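Reviewing the structure listed below.
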Amino acid sequence: MVPTQYYLVLSAILFGLGAVAFVFKRNIITIFMSIELMLNAVNLAFVAFSQAFGKVEGQVFVLFVIVVAAAEAAVGLGIIILIQRNRQSLNIEKVNLLKL
Amino acid sequence: MIAFLQQYAFWIITIVKIALLLFIVLTVNAYLTWFERKAVAHIQSRWGPHRVGPHGLLQPAADGLKFLFKEDVTPAGVDRFVYYLAPFLSLMLSLTALAVIPFAPNPLPFKILGEHVYLWITNPDIGLLILFAITALSVYGIALAGWASNSKYSLMGGLRSSAQMISYELALTMSVVGVLLMANTFSLQSIIEQQANAKWGVGFLGWNIIAWTHQGLFFPQIIGFICFFTSAIAETNRAPFDLPEAESELVAGFHTEYSSFKFAMFFIAEYTAMITVSCLATILFFGGWLSPFASTPFWHFTYYIPSITLIPFGLWVIYDGLKYETIFGKLILPAIGFAMFAIGGALIALPAVNDYIQPIFWFTAKIFVFLFFYVWARGTLPRLRYDQLMNVGWKLLLPVSIANVIVTAGVVIARSYR
Amino acid sequence: MTTSVETATGVKKTMVLNMGPQHPSTHGVLRILLELDGETVLKAVPDVGYLHTGIEKSCEDKTYSQATTLTDRMDYLNPLGNNLVYALAVEKLLGLEVPKRAQYIRVMMVELQRISSHLVWLGTHAIDLGAMSVFLYCFREREEILKLFELFAGQRMMTSYIRIGGVALEPPAGWRDRVGKFLGMMPSRIDEYEALLTENRIWMARTKGVGVIKLEDAIAYSMTGPTLRAAGLAYDNRKVFPYSSYEEFDFSVPTRTDSDCFARYMLRIAEMRESLKIVKQAMEKISDSGPIKSEAAGIIPPQREKMKTEMEALIYHFKIFTEGFSPAPGEAYVTIESPRGELGCFIASDGSAKPLRCHFRSPSFINLQALPMIVEGQIIADVVACIGTIDIVLGDVDR
Amino acid sequence: MAENVNQNASAVVEHLRAWNSKAVEEVIEFHGETTIVVHHTLLRSVALECRDALQFNLLSDATCVDRYPVEPRFELQYHLTSIPNRTKIRLRTRVPGDQPNVDSLVPVWLGAGWLEREIFDLMGINFNDHPDLRRILLPDDWKGHPLRKDYPVEGFRDIPATYLPGLKK
Amino acid sequence: MSPVLLIFFVLAGLAVLGALSLVLQKHPIHSALSLIVVMVCLAGLYLLMGAEFVAAVQIIVYGGAIMVLFIFVIMLLNAGAEERTDFSKLAKIAGLPLALALTASIAAAVVKPDPGVPAVTQVVIPNATEKISSMLFNEFVYPFELTSFLILVAILGALVLAQREKK
């Protein structure tokens, strides 16, 4: 039997690592992936609570999160392709048109 | 000692089953290559392998040895980790998929270590979903191989295959939803068992491809099956959808830069995927292990078909072996033939065993038909062009299979209101 | 060599793919530099010469009869046609008449060669598009033709059967049965290929509307043979400038108008059937006895029997094989219809025993230069189909 | 048939003479083939006239003969076919060996492209205005032009290149 | 230690390692592979908890579709290894401590024993898949339909974005 806290701690660690990756990585694709990692961490917490309370609502939310993640991936990767096409680089530093 | 064994009986039996299944599948794979080469050769009016062993029966062993001993070339500039990972991934995933396939309904007639032994590794309630999950992952092997090889042909093969497999996965999944709606379960075993209650007890009428059951529901899933099998051929990258490795355009596509055993891994993965898909087609549409005949006393003689087929076949092998050119063939073929003959006779004499092998026989027979279909298509059809392939997937198979889902849903609802 | 198109911003969006010289579907050692945008071909640059053997230079150092064997090696799918065009050119230079019987034998052999060449074409083209079985069927029948060549000439491919002034050997005993058997078998075999391909949906999808060549482009690029006829112009040297008594044969020149890969496929199938007709007529025309070489002292080697009895014959034999013969100074240019198009041979003589210049107009070489025009804008799988239907033989391209 | 071709060919010669009196330098008849010799500066205009006015729409072949040591040593041969009129003629032009330059016929017949590249490669004749004049059969770094008469049949092998004539290229 | 707990620790450890590797790898493909490892491990954890359906969906959608799309794009753009540039000073100095603080605070919040949360996460929900579907199509039917609309918009958006300008 696995205590609920274990899952939650794991979820927190994954979320934290996602946040670290989001801050430190320079490549847009990797940054995007770290967002997916954070979403996954949240999903884990959802499922853990769902199983702990014996209710399926948490899992339904997970499904919604996955759907949103899929939509986000489609649009986001489209944007990334555009960035690569226009800037010749995937480095986030180079996307600085709005920077003063 | 015994107590220890009994305590962990489940794990021990499972591990032994996995080892056995691996052994059987790899052997079958090897002989599937032999069968394919022979069948295609006869389609093309030539002999195929016939040098190593009688009728080339030892050719797979020779091929295997060759793959093992060939120089393993790693091209310059590859991404080593991914380059080595890709064939492993391919092979591992395609072998894993077999774990959820049930091969027969009944456990072995005797207990081992106090446990029933079923002819499957695991039989989860969401078997089909797990299969699709594994299929979904199997694109990585090919895509990564193409990327890591540092070759333009490989890269194009990898890109093609990832696009192709994602596209056809949709059609593949949608085409079985009709069956799922009718069966109302994800469990492969339950799907088979639901096909058992055929109209008038005539076995094959109950199969989902015809779906004429006692309840009066009559909605053949022929369209679903055609969509399923077409997408499955594309999903396994076989002719006429073998675009990722189209040898006339991309040399060998994603495995251009692979040699020796790493190439063999892709090869085994492809053939294992063929077997998995054939199993799935059999289970979903052709009643799995169910016999096509009625189970009334009049049709009881069909119970002897599995054993009786062995007898003439054994006799033919003896005859063929006696007039074979080489001494080895003259000795070994009649021995095999006699063994078949004897097993056939023994099976008739032992009704209990005969009953037990029924489901296994029908299951393998149906799988074999699909495997032959694969080979047949390869020997007959030209290859589609890449854009045409995508058009077939998105503009033909996907809408048709979605329409099939909608119509099936309507039929299922109509039944529930009656 | 500029192969990459850089856009105005200096941004490279394309990939250069080196197709060949070792590639399964370039039919030999052809190299094509393809500039790709995704799968679309933006630019194609063929690079030939990997099989260049300097046959034209070698001819200048051989006597006229010795050079015959070199011609076999040019277009290795059409050695008899190469022999024929060379022999016709030298005969024109010498003003030599060839006996009718030899002419008919030449026609029969060349037409058999055409069928075998088209079979190789069909097989390789089919396997390029993934139809593996057709390839092996075609080679099965080609094998029969090669056996016939072996029967006639003792050689399967490099026969050197057609010599200056006639043919090398008397037709062997029983040749009528063998050729007749082949003629009886072949039509049903062609039906077999058609059953596998012609109405196959995938085959049509792969070939229809692919690689269209407009008629005026085809003429401007000097394309000849099936490629030109598939564009709608019935230009066939056998009809327009008959040689070797082709005017006595009854056959038609099939044409198509759609000029795509499918049209060229259908056209070559039709040509095979026409060739069968010609072979049949030639068989009937060839008498059982008669000369197979023209009589020309000092040019055509005398018969073996005469050599043993006549001093003069022995001297001629010695002279022909040591110093050769010397045609009058002048030039001759002869074209015939090879399976790939107009095959020409230009020989310039300066009055010595060796040609001053011997040049072959090889149809593959000239047809191939239109490839960039055909494939640009198509996708990479179509490049394979287009190379296939232009029907190049790299031995012919590079010589 | 042969006579018919010849009649057409003589009509061609007459037409060309009428078109430009300097166009035809010489007419050679040999074994039923008509050769029209033109000056190499007039080559392209004669070819254009042949294509447009005389319907010689197919350039069958183009090649070159090296008559070393005769000067002008190079003889370019263009074999033209008129598909509508069923006529063949040969245009010939003589090019001097010291500066082998001649106008390219690619603007007239696109098919001349590779044929002229081949002549450039093997004979070393420069074609003005050729869109893509590179070696075609031989490697790009090949020295010499093998079909010239002063190039030995077996190639130069190990003979130091400086001792051989015609190797400046 | 019970087998279940052992499996948990193996999977959790792999997941953390994968996430770490996502941060540390230079090449985007390697990062993507690390992320796939994390996702597969999470699917394993879902199975361990008894949430079979979510586990399958996790692999099919995340593993089989979204991450394939990522890898496809990386291959398509032929993205090379990450280049190091001098990035924001704020992130350099404060990024790591802040991220660690975030992790710690979340962990602290969730680890604090809460009487409301059951201690053990392994309630077997009977007919979970059926319940999920009935909930999706009854209580959450409007959000569900909205998601399909969202997906449609996303598809169109991706199409518009990735399309080349016509000349």
Side-chain angles (χ1 to χ4, degrees), chain B residues 8 10-11 79-83 85-86 89 92-93 96 100 122 124-150 152 154-167 169-170 172-173 180 184-187 235 254 394, chain E residues 3 6-7 21 25-37 39-40 42-44 46-47 50-81 124-130 132-133 137 151 155 159 162:
Chain B
Y8 292 103
F10 173 74
W11 294 103
D79 186 318
R80 278 186 181 259
F81 176 69
V82 183
Y83 180 76
L85 175 74
L89 208 59
M92 206 179 67
L93 288 168
T96 315
V100 293
T122 173
D125 284 343
I126 52 161
L128 193 59
L129 271 186
I130 289 184
L131 261 181
F132 281 137
I134 294 169
T135 328
L137 289 182
S138 64
V139 58
Y140 287 117
I142 292 175
L144 291 177
W147 177 80
S149 296
N150 191 30
K152 285 171 183 170
S154 298
L155 182 69
M156 289 184 73
L159 279 174
R160 276 184 176 187
S161 73
S162 27
Q164 170 180 344
M165 288 174 87
I166 296 176
S167 315
E169 216 171 84
L170 287 173
L172 186 77
T173 318
L180 291 178
N184 209 11
T185 172
F186 280 128
S187 160
E235 193 72 11
F254 63 90
W394 286 103
Chain E
L6 186 74
I7 295 172
S21 150
Q25 292 287 358
K26 289 256 186 303
H27 202 289
I29 282 253
H30 295 155
S31 293
L33 285 177
S34 318
L35 188 55
I36 293 164
V37 169
M39 283 167 176
V40 173
L42 288 187
Y46 296 161
L47 272 181
E52 290 176 333
F53 184 72
V54 177
V57 170
Q58 162 95 359
I59 288 193
I60 292 176
V61 180
Y62 261 127
I66 298 181
M67 288 318 291
V68 173
L69 208 57
F70 270 96
I71 287 198
F72 189 78
V73 168
I74 296 172
M75 282 164 71
L76 196 70
L77 301 182
N78 206 6
V124 175
I125 308 172
N127 295 332
T129 313
E130 204 176 321
I132 292 174
S133 58
F137 291 108
I151 292 249
I155 292 172
L159 258 179

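Chain naming here is simple, since letters A, B, ... match the order of the sequence lines and numbering starts at 1 in each. Source: prediction; values computed, not measured.
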**Item:** Spacing of CE belonging to M75(E) relative to CG belonging to L144(B), to within rounding of 0.5 Å
**Value:** 7.5 Å

**Request:** Check for a donor-acceptor pair, side chain of Y140(B) on one end and backbone N or O of G64(E) on the other, with a separation under 3.5 Å.
**Result:** no

**Fill in**
Rounded to the nearest 0.5 angstrom, the CG-CZ distance for L159(B) and F72(E) is 5.0 Å

**Message:** In the structure I gave you, are the side-chain heavy atoms of F186(B) and E52(E) within less than 4.5 Å of one another anywhere?
**Reply:** no

**Request:** Flag the one option from I71(E), V61(E), V68(E), V57(E) with the top tally of heavy-atom pairs under 4.5 Å to chain B.
**Result:** V68(E)

**Request:** Hey, could you give me the CZ/CD distance between F81(B) and Q25(E), rounded to the nearest 0.5 Å?
**Result:** 8.0 Å

**Message:** Distance check, rounded to the nearest 0.5 Å: L89(B) atom CG versus I36(E) atom CD1?
**Reply:** 8.0 Å

**Asked** Got a second to check how far I166(B)'s CD1 is from L69(E)'s CG, nearest 0.5 Å?
**Response** 6.0 Å

**Request:** Check whether any side-chain heavy atom of H30(E) lies under 4.5 Å from a side-chain heavy atom of D79(B), and answer yes or no.
**Result:** yes

**Prompt:** Hey, are the side chains of L33(E) and L85(B) touching, using non-hydrogen atoms and a 4.5 Å cut-off?
**Reply:** yes

**chain E contact via A148(B) - side chain, backbone, both or neither, heavy atoms under 4.5 Å** = neither

**Request:** Could you look at L129(B) and say if it's the side chain, the backbone, both or neither that has a heavy atom under 4.5 Å from chain E?
**Result:** both

